[in-house]
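Remarks on the structure that follows.
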Amino acid sequence: MLKLYSKCFQLNNIRRAIKTVLSHSGSKTSGPDKINRQSNISEERFIREIKLRLRRYKSVNSRKIKIPKDNGQFRELTIINIFDRMAQQCVYQIINPILEQNMSKYSYGFRLAISAKIPVSKACSSIVNNKEIYTVEIDFEKCFDNIPLDKALDSLRLLGINDGKLIKTIKHLMWTTKEYSGVGLSQGTVLGPILANCYLTCLDQFMEENFILDKVDSAYCHNYSAHKGHWVQWHNKRHKKLHCK
C-alpha cells in the first residue's frame, strides 16, 4: 500500500491538481515569478516543477497584497507561485478525504459542499418552529496570523495524517518566505484554511462534548437545501431582503 506522500506523486493526482488550480480565477494572478494561467507553460514543465516542490528541492516564493476590510483595516493575502499552488493542491487532494472523515460534522468553514448557510438554516428552522435556541459567538482576532504551524501539523497527525515525510513536505510548502517565523498560516494558500480547521478541531470537540448540538436530527449538518425553506420563511416574516440561492 502506497504511503500518503507517494500518492501525491501519482500522475493522475498531479494532473487533477493542475486542472483545478488553472480553473480558479486566482490563477490569473501571478506570483513573484510573473507566471499565471495565461503563460505558455507545457504540462511537462508543470509536472516537473510540482515534483521538485513536493521533494522539497525548491523553496516556496510569495508576495503579499492587502485587501481592505469593512472595518477600515486590511487582510493580508499571500500570493504564491502557481507551481507552489499546484504542489499544495496535490497534497490537499490526498489528505482532505481523510480529514473529512475525522473532522467534526458541525464544522462548516473551508470544507467541500459545506457553507455557513447550513447552520443559519438550522437556526432559522428553530426560530420558525418556536424552539428555544442559544447562540455563542467566538471571534479569534487575526486567527490565521496567530496559529503556530507546528501546532497545526500536530493536529494533522491527530486527524489521521501520520506520514512523517508528508508532514515535512506540508511544512516546507507553508514556509512561504525566508523571514517566516513559523507562526501564522498564510491566507491565500491552498493548505492554510484546512490547517486552520485542523488546529481548531479541539474547539469543535469541546463544543460537541459540552453543548447539545441537535444530535438527534443530524440531517442539518450537511444539508442546506432541505431546510432552506425555513430560512426563506423567517426572512419573509420580517420583511428582510433575502440573499440566498
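Residue indices begin at 1 and follow the sequence shown. Not measured: the values here are computed from a predicted model.
- Between V190 and Q93 there is no side-chain heavy-atom pair separated by less than 4.5 Å.
- Residue E76 holds its CD atom at 9.5 Å from NZ of K142, rounded to the nearest 0.5 Å.
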Using the side-chain contact (heavy atoms from CB on, under 4.5 Å) rule, take M86 and L22 through it: C-alpha gap first, then chi angles, then the decisive distance, then the call. CA-CA 9 Å; M86 291 173 175; L22 292 179; 3.8 Å; yes
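- Taking 4.5 Å as the limit, every side-chain heavy atom of N61 sits out of range of all side-chain heavy atoms of D33.
- Between the D204 side chain and the S107 main chain, no donor and acceptor come within less than 3.5 Å of each other.
- Contact check for L54 versus V91: side-chain heavy atoms found under the 4.5 Å cut-off.
- Note on residues 156-207: pairs passing ring pair (Phe, Tyr, Trp, His ring centres under 6.0 Å), not counting sequence neighbours, are W175-Y180.
- I35 and L52 are members of different hydrophobic clusters when ILVMFWY side chains are connected at heavy-atom separations under 4.5 Å.
- Contact between L156 and C198 at its shortest, heavy atoms only, is CD2-SG, 3.7 Å.
- For R37 against H24, the heavy-atom pair with the smallest separation is NH1-O, 3.2 Å.
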Pair M174-L191, side-chain contact (heavy atoms from CB on, under 4.5 Å): steps then yes or no: CA-CA 8 Å; M174 289 301 296; L191 292 173; 3.8 Å; yes
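- Atom OG of residue S42 and atom CZ of residue R48 lie 6.5 Å apart, to the nearest 0.5 angstrom.
- Two different hydrophobic clusters hold V183 and L200 under the rule that ILVMFWY side chains link at heavy-atom gaps under 4.5 Å.
- Within the 4.5 Å cutoff, the side chain of L203 has heavy atoms near those of the F140 side chain.
- Remark: the backbone N or O of F83 is not paired with any side-chain donor or acceptor of E49 at under 3.5 angstrom.
- Contact check on R157 versus D154 returns a salt bridge, with a Lys/Arg side-chain nitrogen under 4.0 Å from an Asp/Glu carboxylate oxygen.
- Side-chain atoms of R63 come within 3.5 Å of backbone atoms of S30 as a donor-acceptor pair (strictly under, hydrogens ignored).
- In this structure, SG in C90 is found 9.5 Å from CZ in R16, a value given to the nearest 0.5 Å.
- Rounded to the nearest 0.5 angstrom, L173 CG and L166 CG are separated by 9.0 Å.
- With rounding to the nearest 0.5 angstrom, the CD atom of E43 is 9.0 Å from the CD1 atom of I50.
- Put simply, the side chain of I167 reaches to within 4.5 Å of the side chain of I161, judged on heavy atoms.
- Of all heavy-atom pairs spanning K28 and Q38, the tightest one is CA-OE1, 4.2 Å.
- Of the possible donor and acceptor atoms, none in the side chain of N96 sits under 3.5 Å from a partner among the backbone N and O of Y92.
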Taking it one step at a time, do Y5 and F9 satisfy ring pair (Phe, Tyr, Trp, His ring centres under 6.0 Å)? CA-CA 8 Å; Y5 176 71; F9 290 89; 5.1 Å; yes
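- Counting only distance, with no hydrogens or angles, the side chain of S186 and the backbone of T189 share no donor-acceptor pair below 3.5 Å.
- Counting only residues at least two apart or in different chains, salt bridge (charged side-chain N to carboxylate O under 4.0 Å, His left out) contacts with residues 79-98 comprise R53-D84.
- Inter-residue side-chain proximity for K58 and N81 is flagged as unmet; no heavy-atom pair is nearer than 4.5 Å.
- A152 and I147 get closest at one heavy-atom pair: CB-CG2, 4.2 Å.
- Within the 3.5 Å criterion, the main-chain N or O of K151 finds a donor-acceptor partner in the side chain of S155.
- One N or O on the side chain of S62 and one on the backbone of T176 form a donor-acceptor pair closer than 3.5 Å.
- As a member of the Ile/Leu/Val/Met/Phe/Trp/Tyr network built from side-chain separations under 4.5 Å, I65 groups with I67, L77, I79.
- Within a 6.0 Å sphere centred on NZ of K64, other residues, nucleotides and ligands contribute more than 12 heavy atoms.
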Test side-chain contact (heavy atoms from CB on, under 4.5 Å) applied to L195 and L149, step by step: CA-CA 8 Å; L195 289 174; L149 178 57; 4.2 Å; yes
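- Within the 4.5 Å cutoff, no side-chain heavy atoms of L4 are placed close to those of N162.
- When all heavy atoms of T169 and R56 are compared, the pair lying nearest together is OG1-NH1, 3.2 Å.
- A distance of 12.5 Å separates CD1 in I18 from OG in S27, rounded to the nearest 0.5 Å.
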side-chain contact (heavy atoms from CB on, under 4.5 Å) assessment of K171 paired with D150: CA-CA 8 Å; K171 186 172 184 177; D150 283 341; 3.1 Å; yes
